[in-house]
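For reference, the structure discussed in these notes is given below.
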Amino acid sequence: MDTVEMNMRFHSQQAAYEKARYEAEHDGMTGLLNKEAGWKHMRKYFDRMDSHDEAMLMFVDIDDFKTINDTYGHTVGDFWIREVASQLRHIYRQDDIICRYGGDEFLALIRNTASEQVLETTLGMFFQQLARTSEQHGQDVHCSVGVCRIAAADGASLGTGRADGDAIGSVDFDQCVAQADLALYETKRFNKGTFTVYNYDRSQPAPANIRA
């Protein structure tokens with residue numbers, strides 16, 4: 001009986017630990033990773049990228065969210081935050097990294113692809129589904145997206161390298177965040193409800209006030 005009781009206590013403690021760890025890393029409203037955990041996982045992925053790797057980093061922002069809250073109420077605003085999170089999670093793969101960055105903004109790392117066709121197809125699905133849900137609720141809700149696209153490059157064009165010839169450490173996470181942020185700003189300024197893509201530019205330094 002002592003062994004059985006010890007096993008039960010162990011599994012109970014393990015379950016409590018896993019629950020606490022999940023809650024520490026996830027946003028309570030959407031179930032997505034929170035900003036801190038998402039940032040950590042994305043930075044870890046970037047640290048391991050080499051010359052053969054591709055990715056796309058996206059900022060997703062609900063347009064005119066304050067107006068939505070002021071017009072329909074905060075309960076409706078919360079619904080749209082959960083809805084956008086659910087659609088992003090449904091469209092992108094389980095091994096992609098999506099987090100609620102804060103408020104009505106999301107950050108997504110689409111791993112192992114820089115295909116413009118994949119980007120256009122998935123964002124097209126996202127915009128269409130959002131439009132359908134918006135129409136069903138009789139509300140005008142849409143999102144703007146800014147994308148930093150990191151395409152594969154040959155080792156000669158990337159800075160540092162390893163003994164085996166593969167270049168690493170050449171893709172700067174802070175640069176990518178800043179460039180995706182600028183792409184989002186351009187979308188919201190000139191063409192809300194669509195997306196803008198910047199190809200990753202290694203020559204642009206990351207600003208000192210990078211969002212974190």
Side-chain angles (χ1 to χ4, degrees), residues 27 30 32-33 35 38-39 41-42 45-46 49 53-68 77 79-137 139-153 171-202 204 206-207 210-211:
D27 173 61
T30 64
L32 296 176
L33 291 171
K35 180 175 70 174
W39 198 266
H41 289 299
M42 291 178 190
Y45 177 81
F46 272 74
M49 288 182 74
D53 291 324
E54 298 183 325
M56 291 182 287
L57 188 68
M58 306 192 314
F59 268 117
V60 180
D61 183 270
I62 302 176
D63 292 321
D64 304 312
F65 188 69
K66 184 179 184 303
T67 301
I68 294 172
F79 164 80
W80 284 110
I81 289 173
R82 290 192 296 269
E83 181 66 19
V84 170
S86 175
Q87 291 183 20
L88 290 172
R89 187 165 42 204
H90 176 72
I91 290 170
Y92 291 103
R93 302 162 300 184
Q94 190 171 1
D95 62 345
D96 295 325
I97 303 171
I98 305 171
C99 71
R100 184 183 178 193
Y101 194 78
D104 61 312
E105 195 169 44
F106 305 85
L107 186 62
L109 174 61
I110 313 308
R111 310 198 309 176
N112 303 318
T113 182
S115 166
E116 294 182 13
Q117 182 176 358
V118 168
L119 180 65
E120 291 176 1
T121 299
T122 55
L123 284 180
M125 293 168 56
F126 171 68
F127 290 140
Q128 289 173 10
Q129 181 57 42
L130 191 61
R132 283 195 290 267
T133 307
S134 179
E135 184 178 358
Q136 289 170 2
H137 288 79
Q139 298 164 5
D140 182 20
V141 178
H142 44 81
C143 288
S144 293
V145 181
V147 184
C148 179
R149 176 177 172 268
I150 308 107
V171 181
D172 186 279
F173 177 62
D174 292 341
Q175 281 182 319
C176 290
V177 171
Q179 291 169 28
D181 195 21
L182 287 172
L184 175 62
Y185 175 79
E186 181 176 322
T187 306
K188 293 184 76 68
R189 183 178 180 186
F190 297 110
N191 202 9
K192 287 183 179 180
T194 62
F195 66 95
T196 301
V197 181
Y198 283 4
N199 288 321
Y200 175 61
D201 184 356
R202 291 174 175 80
Q204 294 295 321
I210 181 69
R211 298 209 268 173

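All heavy atoms count here, side chains included; hydrogens, waters and symmetry mates do not.
Aromatic rings of Y101 and F59 (six-membered ring for Trp) have centroids within the 6.0 Å cut-off, being under it. The aromatic ring centres of W80 and F65 sit 6.0 Å or more apart.
In this structure the side chain of V147 reaches within 4.5 angstrom of the side chain of V145, judged on heavy atoms. The shortest side-chain heavy-atom distance between F195 and V60 does not fall under the 4.5 Å cut-off. Looking at heavy atoms from C-beta onward, T196 lies out of side-chain contact with L184 at the 4.5 angstrom threshold. Side-chain contact between L33 and R100: absent, with no pair of heavy atoms (C-beta onward) separated by less than 4.5 Å. Residues V177 and M42 have side chains not in contact (no heavy-atom distance under 4.5 Å, counting atoms from C-beta outward).
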Worksheet item: What's the verdict on side-chain contact (heavy atoms from CB on, under 4.5 Å) for V171 and R202, showing C-alpha distance, side-chain angles and the deciding distance?
Response: CA-CA 7 Å; V171 181; R202 291 174 175 80; 3.9 Å; yes

Worksheet item: Should F106 and V84 be marked as a side-chain contact (heavy atoms from CB on, under 4.5 Å) after you check the CA-CA gap, both sets of side-chain angles, and the distance that decides it?
Response: CA-CA 9 Å; F106 305 85; V84 170; 3.5 Å; yes

Worksheet entry | Residue pair V197, E116: steps toward the side-chain contact (heavy atoms from CB on, under 4.5 Å) verdict | CA-CA 9 Å; V197 181; E116 294 182 13; over 6 Å; no

Item to complete: Decide side-chain contact (heavy atoms from CB on, under 4.5 Å) for L123 and M58; before the verdict, give the C-alpha distance in whole Å, the side-chain angles of both, and the deciding distance to 0.1 Å.
Response: CA-CA 11 Å; L123 284 180; M58 306 192 314; 4.2 Å; yes

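For the residue pair C143 and F127, the shortest heavy atom distance occurs at O-CE2, 3.4 Å. Across A114 and A55, no two heavy atoms sit closer than the pair CB-O, 4.2 Å. Contact between C176 and C148 at its shortest, heavy atoms only, is O-CB, 3.6 Å.
Side-chain contact check for T187 and S144: no donor-acceptor pair (N or O, by modelled atom type) lies under 3.5 Å. A donor atom on one side chain and an acceptor atom on the other are not found under 3.5 Å apart for Q117 and T121.
Taking 4.0 Å as the cut-off between side-chain N and carboxylate O, D63 and K188 count as a salt-bridged pair. Between K192 and D64 a salt bridge is recorded (basic side-chain N to carboxylate O distance below 4.0 Å).
Among Q179, Q175, R149, the one residue that satisfies the side chain to side chain donor-acceptor pair (under 3.5 Å) test with Y200 is Q175.
For the atom pair CE (M56) and CD1 (I150), the distance works out to 9.0 Å, reported to the nearest 0.5 Å. Between atom CD1 of residue I68 and atom CZ of residue F79 there is a gap of 11.0 Å, rounded to the nearest 0.5 Å. Taking NE2 of H90 as the start and CE of M125 as the end, the distance is 6.0 Å to the nearest 0.5 Å. I110 contributes atom CD1, which lies 13.5 Å from atom CD of E54 (distance to the nearest 0.5 angstrom). Going from atom OG1 of T194 over to atom CD of E186 covers 9.0 Å, rounded to the nearest 0.5 Å. Once rounded to the nearest 0.5 Å, the distance linking CG of D53 with OH of Y45 reads 5.0 Å.
When atom types are taken as modelled, the side chain of R89 and the backbone of I98 share no donor-acceptor pair closer than 3.5 angstrom. In this structure a side-chain-to-backbone donor-acceptor pair under 3.5 Å is present from T133 to Q129.
No more than 12 heavy atoms of other residues, nucleotides or ligands shown are found within 6.0 angstrom of CZ on R189.
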